[in-house]
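Lettering of chains follows the sequences in order, A, B, ..., and the numbering in each one begins at 1.
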2 protein chains.
Amino acid sequence: MSTLRGVSPVERPTSLSRSAYLRMRQAIRDRALVHGTLYSENEIAATLGMSRTPVREALITLAREGLVEIESQRGFRLRELSEAQRHEVFDLRALLESYSAERLAGQATAEHITRLYALVERQEQLHADPEAFLATDEEFHLLIPLLLGLERTHDTLTSLRGAMWLIGSQALALPQRIPAVLTEHRAIVDAIAAGDPAAAAQAAREHIARTAAAVR
Amino acid sequence: MSTLRGVSPVERPTSLSRSAYLRMRQAIRDRALVHGTLYSENEIAATLGMSRTPVREALITLAREGLVEIESQRGFRLRELSEAQRHEVFDLRALLESYSAERLAGQATAEHITRLYALVERQEQLHADPEAFLATDEEFHLLIPLLLGLERTHDTLTSLRGAMWLIGSQALALPQRIPAVLTEHRAIVDAIAAGDPAAAAQAAREHIARTAAAVR
DNA sequence: ATACAAGATGTTCCATGTAAGTTCTGCGTT
DNA sequence: AACGCAGAACTTACATGGAACATCTTGTAT
């Protein structure tokens, strides 16, 4: 068999299904999909250059995660969240993030603390670039459960982050909000570094409360 | 077209995909699927009398929910939870159930309270039948977020209940534990009926803590 | 003008075929 | 006996076709 020099095989580091999931997730985050529109599997499959099957599988996962709503025999659309549902999202974030911060404060290693400060400092550098700032913000909020190996908490917070996109997460990177976010993140990390679980939990709760207030 | 008297059409109140999901979920709860065994889509599809597609779709949902683990190109098996993961399950239940109880205590209507007591009393009648007792227990733990319309909390608790099956939920209905469970449930409802959020949250937390202790 | 039926259109839902990945088996070689 | 390797046997991952369902359009009768 002759090798085609310079032609690399189609990259498939993972299943098509998974990459459909990741790309659709990105599309929602980046507002390439918009509220109200009814989309079809076909349409997405054509865009992504694959068949309907992996797209459908991705859709099932996204629906389970609460990002889209599948309408039987019709298509799917971005989920709309009621005011009560938005409220619940913030409540759950406060609950899970304060829980994670509290636990980490009780058992943080030197490496954990180094990584947290490194991330906070990186985010401080990015304060002028809202898009990069937001990406780092997501990283920060997921890092704490990740360090603890709290898979389930991490998972749930990941899907709550998706809900934030539906709510309008760009409000998180409003110029006037950014300095406060940085201060609040640092307060959480300081409490963790100080080994003070109650303070860490409190700082996390306050951060979410202020975020919720800013989004309105 | 001639009607086939007495022959009713195949019931399809819902999609095959969904009924595959529900039946597999039941199978896990009832221990028809066991830890360790590697199952194939084909096998399940044959058992359920449908093609592989809806089974596969159900599997994706179950995997997302943490009940099964899909092994690429090999099949799937029941998820095994480490000690740390079990611990996390109880922590999250405590968090979410105390949150729900706390909120309901602050805004319960007369009808809510009636329904809660009715359920508690029904469960008291069933104390001698472990299986029925367990079913009612699940109902109780999901009723509070349901009454509040906390969809996301309800969903997460539903999937945490699935995790309890993996852990071995039959321990919840041990003869010596049943009276305590009934007392603890009643304590939660009493606090809600009294309109005391802090007490309701506390009662819910304690109930989960005791359950966790009993499972070990 | 309006109501309504019939067809056209667009979509999912499910079944199935196929290629490719994984593991097992048995045989031949050392 | 131990090892390696070819190929059989199994599995998923993905593509695709068709039936069923929902909706829209159009034409017709009132």
Rounded to whole Å, the CG-P distance (L48(A) to dA15(D)) equals 11 Å
Determine to 10° how strongly the helix from dA1(C)-dT30(D) to dT30(C)-dA1(D) is bent, judged from the axes of its five-pair ends.
0°
Donor-acceptor contact below 3.5 Å, side chain E88(B) vs main chain T153(A)
yes
Taking it one step at a time, do D91(B) and R86(B) satisfy salt bridge (Lys or Arg N to Asp or Glu O under 4.0 Å)?
CA-CA 9 Å; D91(B) 276 0; R86(B) 291 169 198 226; over 6 Å; no
Would a 4.5 Å heavy-atom cut-off, applied to side chains only, mark V68(B) and R77(B) as touching?
no
Residue pairs fulfilling ring-ring contact (aromatic ring centres under 6.0 Å, His included) with at least one residue in residues 110-131 of chain A, sequence neighbours excluded:
none
In whole Å, I'd like the distance from the CG atom of N42(A) to the P atom of dA15(D).
13 Å
Dump the pairs, protein N or O against N or O of nucleotides 20-25 of chain C, anything under 3.5 Å, distances to one decimal.
| from | atom 1 | to | atom 2 | distance (Å) |
| --- | --- | --- | --- | --- |
| dG21(C) | O4' | Q73(B) | NE2 | 3.4 |
| dT23(C) | OP1 | R74(B) | NH1 | 3.4 |

Find the distance I44(A):CD1 to dT11(C):C1' and express it as a whole number of Å.
14 Å
Pairs in or reaching into residues 142-155 of chain B: which pass salt bridge (Lys or Arg N to Asp or Glu O under 4.0 Å), with residues at least two apart or in two chains?
R79(A)-E151(B)
E41(A) atom CD is separated from dG17(D) atom P, nearest whole Å, by 16 Å
Check the pair R205(A) / E102(A) against salt bridge (Lys or Arg N to Asp or Glu O under 4.0 Å), numbers first and verdict last.
CA-CA 11 Å; R205(A) 259 192 303 274; E102(A) 182 173 347; 5.6 Å; no
Applying ring-ring contact (aromatic ring centres under 6.0 Å, His included), name anything that partners F140(B), two or more places apart in sequence or on another chain.
H185(B)
Separation of I60(A) atom CD1 from dC14(D) atom C1', in whole Å?
14 Å
Which pairs count as salt bridge (Lys or Arg N to Asp or Glu O under 4.0 Å) when at least one residue sits in residues 163-175 of chain B, sequence neighbours excluded?
none
Whole-Å gap separating P (dT16(D)) and CG (L16(A)):
12 Å
Determine, using ring centers only, whether H207(B) and H141(B) are less than 6.0 Å apart.
yes
Using ring-ring contact (aromatic ring centres under 6.0 Å, His included) as the criterion, list what pairs up with Y21(A), not counting sequence neighbours.
none
How many Å lie between CG on L38(A) and C1' on dA22(D), as a whole number?
11 Å
Does anything in residues 17-37 of chain A form a salt bridge (Lys or Arg N to Asp or Glu O under 4.0 Å)? List the pairs, not counting sequence neighbours.
R25(A)-E65(A)
Near DNA chain C, counting only heavy atoms under 4.0 Å, which residues of residues 51-59 of chain B show up?
S51(B), R52(B), T53(B), P54(B)
To the nearest angstrom, the OH-C1' distance between Y39(A) and dT12(C) comes to 18 Å
Would you indicate what E71(B) reaches in the nucleic acid, counting non-hydrogen atoms under 4.0 angstrom: base, sugar-phosphate, or nothing?
nothing
Every protein N/O lying under 3.5 Å from an N/O of nucleotides 5-7 of chain D:
none

Residue pairs meeting salt bridge (Lys or Arg N to Asp or Glu O under 4.0 Å), one or both in residues 118-131 of chain A, sequence neighbours left out, come to E121(A)-R186(A), R122(A)-E139(A), E124(A)-R186(A)
Residues that Y39(B) engages under ring-ring contact (aromatic ring centres under 6.0 Å, His included), provided they are two or more places apart
F76(B)
Donor-acceptor pair, Q85(B) side chain versus S82(B) backbone, under 3.5 Å?
yes
